[in-house]
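What you see is a predicted model; the values in this text were computed from it and never measured.
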2 protein chains.
Amino acid sequence: MQNSLASIILFHRKRSGLTQQKLAELAGVGKNLIYELENGKQSVRLENLLKVLRVLNIELDFHSPLRESFLRESPDAEC
Amino acid sequence: MQNSLASIILFHRKRSGLTQQKLAELAGVGKNLIYELENGKQSVRLENLLKVLRVLNIELDFHSPLRESFLRESPDAEC
DNA sequence: CGGATTTTCCCTTAAAACAGGGAGAAATCC
DNA sequence: GGATTTCTCCCTGTTTTAAGGGAAAATCCG
């Protein structure tokens, strides 16, 4: 448990009553990947992170000073 | 430009007046990675995505129904 | 305390990302 | 319109991730 992403995943997994193994199966990834995510490894593929977050019902969003004007200029953006 | 991440990156890069090449250098990644990010490739390493977002001053945050109780139980979480 | 479950962390093999070069297309700028 | 810059998209070699097995350490629970 080294960064916020890791602890968020751990927390949600525990709350869901899942083992690393079970979460891995549901997400369609290997068991070691869950272990690595929960231990702060940032060299995972985005794709695999997203699979795990989807199972845990965690959404990812982006945030920046320019974000507001982005939404103003791109009203059709799917976010 | 296929998903929101891709278009957010493109938008911020343009607004920063950077070329793909220049952004790549600032982020410490290869030029092709920027191209791929802006074209929706989700198989990039999280680490590299974070490097790029850092340069563009884009923050990532997480969002879930359990999030609130997470913050209540982990007041020291660095998010 | 014990037994069962789970996690940590090693290994191997296969698949994939990555950087950097390059060249043509496309956009941008006089 | 022509020159210059930027982007798209190929290819090559190197490095890295990912899966799954396995075994010891840790945790859980009756």
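An OP1 or OP2 oxygen of C:dA17 is reached within less than 4.0 angstrom by a side-chain nitrogen or oxygen of B:S43. The shortest distance between the side-chain N/O atoms of A:R13 and the OP1/OP2 oxygens of C:dT7 is below 4.0 Å. Regarding contacts with the backbone of C:dG20, every side-chain N or O of B:Q21 stays at 4.0 angstrom or more from both OP1 and OP2.
The stretch residues 44-53 of chain A comes close to DNA chain C through A:R45, each having a heavy atom under 4.0 Å from the strand. Remark: B:K31, B:N32, B:Y35 in residues 23-35 of chain B come within less than 4.0 Å of DNA chain D through at least one heavy atom.
The CD atom of A:E36 sits 10.0 Å away from atom CG of A:N48, with the distance rounded to the nearest 0.5 Å. Note that CG of B:D61 and OG of A:S4 are 9.5 Å apart. Values are rounded to the nearest 0.5 Å. Once rounded to the nearest 0.5 Å, the distance linking CD of B:E59 with CZ of B:R54 reads 11.0 Å. How far CG of A:L26 is from CZ of A:R13: 12.0 Å, rounded to the nearest 0.5 Å. Residue A:I9 holds its CD1 atom at 5.5 Å from CG of A:L49, rounded to the nearest 0.5 Å. Annotation: the span from B:L33 atom CG to B:K51 atom NZ amounts to 9.0 Å, rounded to 0.5 Å.
With a 4.5 Å cut-off on side-chain heavy atoms, A:L46 and B:L5 count as touching. By the 4.5 Å heavy-atom criterion applied to side chains, B:L56 and B:L23 are counted as neighbours. With a 4.5 Å cut-off on side-chain heavy atoms, B:H12 and A:S64 count as touching.
In plain terms, the two heavy atoms of A:N39 and A:A6 that are nearest each other are N-CB, 4.3 Å.
A:E25 meets the salt bridge (charged side-chain N to carboxylate O under 4.0 Å, His left out) test with A:K22; sequence neighbours excluded.
By the criterion of side-chain heavy atoms lying less than 4.5 angstrom apart, applied directly or through intervening Ile, Leu, Val, Met, Phe, Trp or Tyr residues, B:L50 is grouped together with A:I58 in one hydrophobic cluster. Taken together through direct or relayed side-chain contacts under 4.5 Å among Ile, Leu, Val, Met, Phe, Trp and Tyr, A:F11 and A:Y35 form parts of separate hydrophobic clusters.
Computed from coordinates, the B:E36 CD to C:dA19 C1' distance equals 11 Å when rounded to whole Å.
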- Just by protein heavy atoms under 4.0 Å, how would nucleotides 24-30 of chain C read 5' to 3' in B, S and -? -------
- Message: side-chain contact (heavy atoms from CB on, under 4.5 Å) for A:Q21 and A:K31? Distances and angles first, verdict last.
- Response: CA-CA 5 Å; A:Q21 179 77 51; A:K31 67 177 171 48; 3.6 Å; yes
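Taking a heavy-atom distance under 4.0 Å as the criterion, the stretch of DNA chain D touched by chain A extends 5' to 3' from D:dT17 to D:dG22.
Overall bending of the helix from C:dC1-D:dG30 to C:dC30-D:dG1, expressed as the angle between end axes built from five pairs apiece, is 70° (10° steps).
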